[in-house]
Amino acid sequence: MLLAKLNHEENIILQKAVSLATQLGVNIYLVGGTFRDVLLNQTGFDLDLVVEGNALNFAKILNLDLLGVIKIHENFLSAKISFTNLSLDVHTARKEVYQYYGALPKIEQGSIIDDLYRRDFTVNAIALDLKNNTIIDPFGGQKDLNNRLLRTLHKDSFKEDPTRIIRAARYASRLEFDLESITKSKLLEVVSYIDFVSASRLKNEYIKIINEDKHYKILQLLNEWGVLPYFLPGIYGESLNITNEKHINLKGSNNERISVWLVNLMVLYWQGAINIKDIHKVRFNFTNKELSCIEWLVENYYFLKHLQKNDFKASLLELHQLLYNTPRETDFFLLWLLRGKSNFYFQDIKNARQKIKLPLNGRDLLKLGIKPGPVMGKIITDLKRQVLVGKINSKDDAVTWLKRMMNDYVNQLDS
Ligand code: ATP
Ligand code: MG
């Protein structure tokens, strides 16, 4: 009855998990977001299971039957089994010990109650005992669910793990819940503890926000709570009052393997920063590729502003220079920026991206008496430009051009 909302495939997986648990003599529970959403009458979620015992063995044996793709996380005593349109997390019931605020906790095997106690909010700390079909709700989660409240399990919860502050904004927006009043005052007290969270955890939280439909609402809430200076420095409140329409939606382009979150971060700073350079202060431990997008945005700020104007259209050469050796994310930022402009820009950007075919190669240049070195490099760069602006269309054009230019190059070499 409780699980009527789950689809056929999900029910079969749960049946198989329960019969394996019976065989192995371990207890098994449906937990976390999955059971919360079941109780909220929502559909379409991934399954989250907790086993009182070794979840790694359990998942491995279960998958002999399910035949999904299994990934084991030894450190977290958990496993993920993925299918085409569904995934199943199997966790070992665990106890967590925080060695310092903001750190990842030390993990030990524990009971289902221990496991529920380590969770962020009471509404996420309800379990369904799948063998006995009974609800385990030690912290009053169902009551909070009915009153649509987010309540932490203990007073140091946000201090212990400040990412819960960001999670609170995510749930409050998605589920349309309020923060219970003590929870809210505790949250507001420790906003600055976000400084203790590692860069990679912060970045993960940002990516989770961006993947939500109501990401703007989440950012607005974080702004209201005074979290943004710690999380996205430089973004100021008023800029977040803009509508979703202005935000980029790249959901359909995932197969391009671009980082949607990164394009969105660029857009966010474009729209919202007092000073675009503040994007450098974001503490996400950027990779080199990510950094080059950010530097690109800052360096080309004025040109991009110009480009955005209706009376200005960049030449192919300018686009080429703008996009030379930059990651694909910069194209998507540009497409977003120019979305109101005529769409032949799209073709131009594609053209600017293509490797320019040179009518003369290195060997041809050698034959013409040009030795490898800086001059040859300069000739190739200039040749590219001539091709891009359409002044050279054939090998003959190129040779004529080069002969005419030769004196200049030789003089440059002398000086
Ligand atoms: P979603 O619907 O976004 O998947 P979820 O509630 O399933 O939300 P997950 O991030 O998938 O959230 O985490 C699964 C569960 O693990 C949560 O329901 C919560 O109980 C617990 N959890 C996750 N992160 C934390 C955290 N930082 N502190 C405490 N509990 C957490
Ligand atoms: Mg989840």
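Both ligands and their constituent atoms are indexed starting at 1 by order of listing. Heavy-atom basis, side chains included; hydrogens, waters and symmetry copies ignored.
Close contacts between ligand 1 and Gly32 involve ligand atoms 18 (O) [criterion: under 4.0 Å to a heavy atom]. Near Arg170, meaning under 4.0 Å from any of its heavy atoms, are these atoms of ligand 1: 3 (O). Proximity to Asp48 (heavy-atom distance under 4.0 Å) selects the following atoms of ligand 1: 14 (C). Here is the list of ligand 1 atoms found below 4.0 Å of a heavy atom in Gly33: 5 (P), 6 (O), 7 (O), 18 (O).
For Phe284 and Tyr206, the ring centers sit closer than 6.0 Å to each other.
Under a 3.5 Å cut-off, the side chain of Ser78 and the backbone N or O of Val90 do not form any donor-acceptor pair. Judged purely by atom type and a 3.5 angstrom limit, Asn132 has no side-chain atom pairing as donor or acceptor with the backbone of Thr134. At distances below 3.5 Å, at least one donor-acceptor pair connects side-chain atoms of Ser173 with backbone N or O atoms of Ala169.
Of the candidates Arg118, Arg201, Arg167, Arg167 brings a heavy atom nearest to atom 10 (O) of ligand 1. Scanning Lys208, His91, Arg174 for the heavy atom closest to atom 3 (O) of ligand 1 points to Arg174.
The residue from Arg164, Arg167, Arg36, Arg151 that alone fulfils the salt bridge (Lys or Arg N to Asp or Glu O under 4.0 Å) condition with Asp120 is Arg167.
For atom 20 (O) of ligand 1, the closest heavy atom belonging to the protein is Arg119 NH1, 3.1 Å. The shortest contact between atom 30 (N) of ligand 1 and any protein heavy atom is with Asp120 N, 3.1 Å. Protein heavy atom nearest atom 28 (N) of ligand 1, with residue, atom name and distance: Arg164 NE, 2.8 Å. With respect to atom 8 (O) of ligand 1, the closest heavy atom belonging to the protein is Tyr171 OH, 3.3 Å. Regarding atom 26 (C) of ligand 1, its nearest protein heavy-atom neighbour is Asp161 OD2, 3.6 Å.
Seen from the ring of Trp270, Lys305 counts as a face-on cation partner, given the 6.0 Å and 45° thresholds.
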Report task. Start with the C-alpha distance between Lys131 and Asp129, add both sets of side-chain angles, then the distance that settles side-chain contact (heavy atoms from CB on, under 4.5 Å), and finish with yes or no. Result -> CA-CA 6 Å; Lys131 275 160 100 178; Asp129 179 338; 3.8 Å; yes
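Residue-level proximity to ligand 1 for Thr163 is carried by the side chain, the only part with a heavy atom below 4.0 angstrom.
Between Trp336 and Phe333, the ring planes are tilted. Angles from 30° to 60° get that label.
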